[in-house]
Amino acid sequence: MTLPLPEGPGWRSERLTVNDMTLHMRVAGEGPLVVLLHGWPQTSYAWRRVVPLLADRYRIAAVDLRGCGDSDRPTTGYEKHTVAADVAAVIEQLGSPARVAGHDWGGAVGYVLAAGRPELVSHYAAVETVLPGYGLVELADIRRGQQHAWWMSFCTIRDVPERLVAGREREFLSYFYREHAYSPTAIEPSDVDEYTRCYSAAGAMGAGFEYYRTLDEDTEGLAALPPPDCPLLAIGGKQRLGDLVADSLRRHGADPRSLVLDRCGHYPAEEQPAQLAGALIDFFATPTLTGRAA
């Protein structure tokens with residue numbers, strides 16, 4: 001399904017207190033709950049072009065994960081099972097079950113949530129995500145500093161990245177938006193302004209790096225979980241991860257549908273929002289065997 005792009009973001013900000021901190025989210029629409037989880041180095045703002053395309057069918061909550069955007073930035077708790085517990089608490093407050101889509105690290109968080117709290121998730125879509133322990137280390141080759149994903153090694157170093165990036169947040173962030181998109185102009189200067197506002201706040205860049213510093217804990221935690229038993233969709237950008245998304249989920253024992261978006265790099269919600277929204281609408285309508293769909 002391909003949808004036209006509307007004007008304007010069409011959402012409002014809300015805050016919820018969960019696990020002794022406050023999470024910010026952008027919400028819109030009415031109906032069954034859809035939770036959208038962003039990746040790094042982004043925030044819930046990444047879903048701005050997708051939310052209006054879903055909001056006439058669903059109640060949307062695009063969450064700023066802990067440490068990101070306008071959510072609180074605790075110094076600990078960036079293991080993906082902890083971040084997934086934050087999202088679980090959001091879903092419990094908003095009303096479960098939820099249809100969930102997650103991008104990048106948000107994709108790993110959502111997968112852990114779907115596997116560990118199956119009663120809360122009726123459908124799960126992983127967008128440009130490779131799971132810790134199931135392809136991510138090989139992709140990044142962190143321990144040998146492979147240059148295809150140099151930032152993963154860089155981010156895992158304690159304290160040094162914060163010092164090097166301080167005062168240069170816009171230049172650092174712009175590299176990723178430019179180099180990892182199919183079109184280097186897909187994420188516009190005003191969008192970079194918003195991401196820079198968030199990641200230049202006190203403690204924000206360090207919190208983002210913490211998502212990488214928990215790789216060993218994330219690998220062990222995911223290995224202890226069964227694959228999710230809800231319908232699964234793996235979405236990759238043809239010019240970035242492509243089929244590696246589905247391959248990663250299958251390595252964990254899951255059986256996802258697979259979709260690869262053409263003319264798309266690492267940021268489908270910003271590069272191909274209409275295609276992504278149409279795919280999610282079709283997928284979220286999939287019947288479940290357990291009757292968890294709202």
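Counting begins at 1 with the first residue of the sequence.
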Determine the minimum heavy-atom distance between [X] and [Y], stating which atoms define it.
X	Y	result
M25	A61	SD-CB, 4.0 Å
V127	T129	O-OG1, 3.0 Å
Y134	A223	OH-CA, 3.4 Å
D229	P118	OD1-CB, 3.9 Å
T196	S200	O-OG, 2.6 Å
L276	P268	CD2-C, 4.0 Å

Please confirm whether the backbone N or O of [Y] pairs with a side-chain atom of [X], one donor and one acceptor, at under 3.5 Å?
X	Y	result
R73	A202	yes
H38	Y45	no
S122	P97	no
D282	A279	no

Give me each pair satisfying salt bridge (Lys or Arg N to Asp or Glu O under 4.0 Å) with a member in [range], each pair once, sequence neighbours excluded.
range	answer
residues 199-210	R158-E210, E210-R213
residues 169-180	R170-D193
residues 264-273	R48-E270
residues 258-269	none

Any side-chain heavy atom of R257 sitting closer than 4.5 Å to one from T286? yes

State which residues pass side-chain hydrogen bond (donor to acceptor under 3.5 Å, both in side chains) with [X]; sequence neighbours excluded, sorted by chain then number.
X	value
S44	R26, D64
T185	S183
T22	none

With salt bridge (charged side-chain N to carboxylate O under 4.0 Å, His left out) as the criterion, how do D70 and R197 come out once you've worked through the C-alpha distance, each side chain's angles and the decisive distance to 0.1 Å? CA-CA 10 Å; D70 293 300; R197 177 189 73 81; 2.9 Å; yes

In chain order, what residues pass the side-chain contact (heavy atoms from CB on, under 4.5 Å) check against A246, with sequence neighbours excluded?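 Testing A246 for side-chain contact (heavy atoms from CB on, under 4.5 Å), a comparison that skips the adjacent residues, returns A234, R250, P256, S258.
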
Pairing residues for V260 by the side-chain contact (heavy atoms from CB on, under 4.5 Å) criterion, not counting sequence neighbours: K238, D243

Any idea how [X] and [Y] line up, ring-wise: parallel (<30°), tilted (30 to 60°), or perpendicular (>60°)?
X	Y	value
Y111	H252	perpendicular
F172	F154	tilted
H180	W151	tilted

By ring pair (Phe, Tyr, Trp, His ring centres under 6.0 Å) - contacts of H24 (at least two apart):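 Once residues adjacent in sequence are excluded, H24 has no partner under the ring pair (Phe, Tyr, Trp, His ring centres under 6.0 Å) criterion.
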
Who are the ring pair (Phe, Tyr, Trp, His ring centres under 6.0 Å) partners of Y58, not counting sequence neighbours?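 Ring pair (Phe, Tyr, Trp, His ring centres under 6.0 Å) list for Y58, sorted by chain: F284.
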
Given P41, which of Y199, F209, W105 fulfils the side-chain contact (heavy atoms from CB on, under 4.5 Å) condition?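 By the side-chain contact (heavy atoms from CB on, under 4.5 Å) criterion, P41 pairs with just one of Y199, F209, W105: Y199.
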
Identify all side-chain donor-acceptor contacts of residues 75-90 below 3.5 Å with residues at least two apart in sequence or on another chain.
{"from": "Y78", "atom 1": "OH", "to": "P74", "atom 2": "O", "distance (Å)": "2.6"}
{"from": "E79", "atom 1": "OE1", "to": "T82", "atom 2": "OG1", "distance (Å)": "3.3"}
{"from": "K80", "atom 1": "NZ", "to": "Y78", "atom 2": "O", "distance (Å)": "3.0"}
{"from": "K80", "atom 1": "NZ", "to": "Y211", "atom 2": "O", "distance (Å)": "2.8"}
{"from": "K80", "atom 1": "NZ", "to": "T214", "atom 2": "OG1", "distance (Å)": "2.8"}
{"from": "K80", "atom 1": "NZ", "to": "D218", "atom 2": "OD2", "distance (Å)": "2.7"}
{"from": "D86", "atom 1": "OD1", "to": "N19", "atom 2": "ND2", "distance (Å)": "2.8"}
{"from": "D86", "atom 1": "OD1", "to": "R66", "atom 2": "NH2", "distance (Å)": "3.0"}
{"from": "D86", "atom 1": "OD2", "to": "R66", "atom 2": "NE", "distance (Å)": "2.7"}
{"from": "D86", "atom 1": "OD2", "to": "R66", "atom 2": "NH2", "distance (Å)": "3.3"}

